[in-house]
Protein chains: 2
Amino acid sequence: MSAAESFSIDAGSSGVLKLGMNTIHNRIRKLRFDADEMTQQELADRIGVTRQTVVAIEGAKYSPSLAIAFRIAEVFAVPLDQVFRYGQESFTG
Amino acid sequence: MSAAESFSIDAGSSGVLKLGMNTIHNRIRKLRFDADEMTQQELADRIGVTRQTVVAIEGAKYSPSLAIAFRIAEVFAVPLDQVFRYGQESFTG
DNA sequence: ACATAATGTCAAATATATTATACATGAACT
DNA sequence: AGTTCATGTATAATATATTTGACATTATGT
């Protein structure tokens, strides 16, 4: 586990985006650490956005474009629904 | 089949969005007609956007937000990957 | 012939996503 | 103590998505 993770108390950036009555959860952070602790900068480079964008999406500050969502899933080689999920439930699968 | 469909020759709006080397296909039009020929206006109302937005997304003029993508899938009661697909292949399944 | 409904399109305005730059913090290391 | 790395945050600028309002076309029905 690298530097920033151990002190991140998931305060502002919980990975849950509320919009209307529904929410979008994402597992980007987990996928990054599972993928040899890939850094936010590395992920940003691989999907062709800036680090700030990764921070915002991972922290669910806003809803990314579908194109970027697909590229993130592509990087981790998983289907989109294993990165983002819609509804009230948390990620369990 | 209602009015507009029979003369639409799929000229500008092919439902395929190219970005970078990859593409995003969508089946919104098919899903609409399968769903009792739901109109663009009806779909727009149900996902909370304007008709022009539905036209643009259906015609793949740009990449919608993930939130809207999820709401579209929700309306048709299918998983997201049955509405939008990423990559070179067309929809077959 | 006329009206209506569904769609495609266009241009300008607004909202939101994304970038660019900069600074702060804690962990790991020397 | 000092340095580096990964992260969180903030603000202004730019790009893109979405809205608003309007108009054209074709099909369907009267």
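Only a predicted model underlies this, so the values are computations on that prediction, with no experimental measurement involved.
Each end of the helix from C:dA1-D:dT30 to C:dT30-D:dA1 gets its own axis, taken as the rotation carrying the C1' atoms of four end pairs onto the next four within a five-pair window, and the two axes meet at 30° to the nearest 10 degrees.
For A:Ile72 and C:dA17, the CD1 to C1' distance is 13 Å, given to the nearest whole Å. Between the CD1 atom of B:Ile24 and the P atom of D:dA17 there is a distance of 10 Å, rounded to whole Å. Atoms CZ (A:Arg71) and P (C:dT18) sit 9 Å apart, rounded to a whole Å. For the pair A:Tyr62 OH and D:dA17 C1', the interatomic distance rounds to 13 Å; values are reported in whole Å. Going from atom CD of B:Glu37 over to atom P of D:dA27 covers 15 Å, rounded to whole Å. Atom CG of A:Leu66 is separated from atom P of C:dA17 by 14 Å (rounded to the nearest Å).
Among the nucleotides D:dT18, C:dG8, C:dT9, the one closest to any side-chain atom of B:Lys61 is C:dT9. The side chain of B:Thr39 sits closest to C:dT7 out of D:dT7, D:dT18, C:dT7. With C:dA17, C:dT7, D:dT7 as the candidates, the nucleotide lying closest to the side chain of A:Phe33 is D:dT7.
Dashed line: the shortest gap from a side-chain N or O of A:Gln40 to OP1 or OP2 of D:dG8 is under 4.0 Å.
Interface residues of residues 43-50 of chain B facing DNA chain D, ordered by number: B:Gly48, B:Val49, B:Thr50; criterion, heavy-atom separation under 4.0 Å.
Taking the charged nitrogens against the carboxylate oxygens, A:Glu74 and A:Arg46 have no contact shorter than 4.0 Å, which rules out a salt bridge. Between A:Asp81 and A:Arg85 no salt bridge is recorded (no basic side-chain N to carboxylate O distance below 4.0 Å).
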Provide a list of protein-nucleic acid N or O atom pairs under 3.5 angstrom, restricted to nucleotides 21-23 of chain D.
from, atom 1, to, atom 2, distance (Å)
D:dG21, O6, B:Gln52, NE2, 2.8

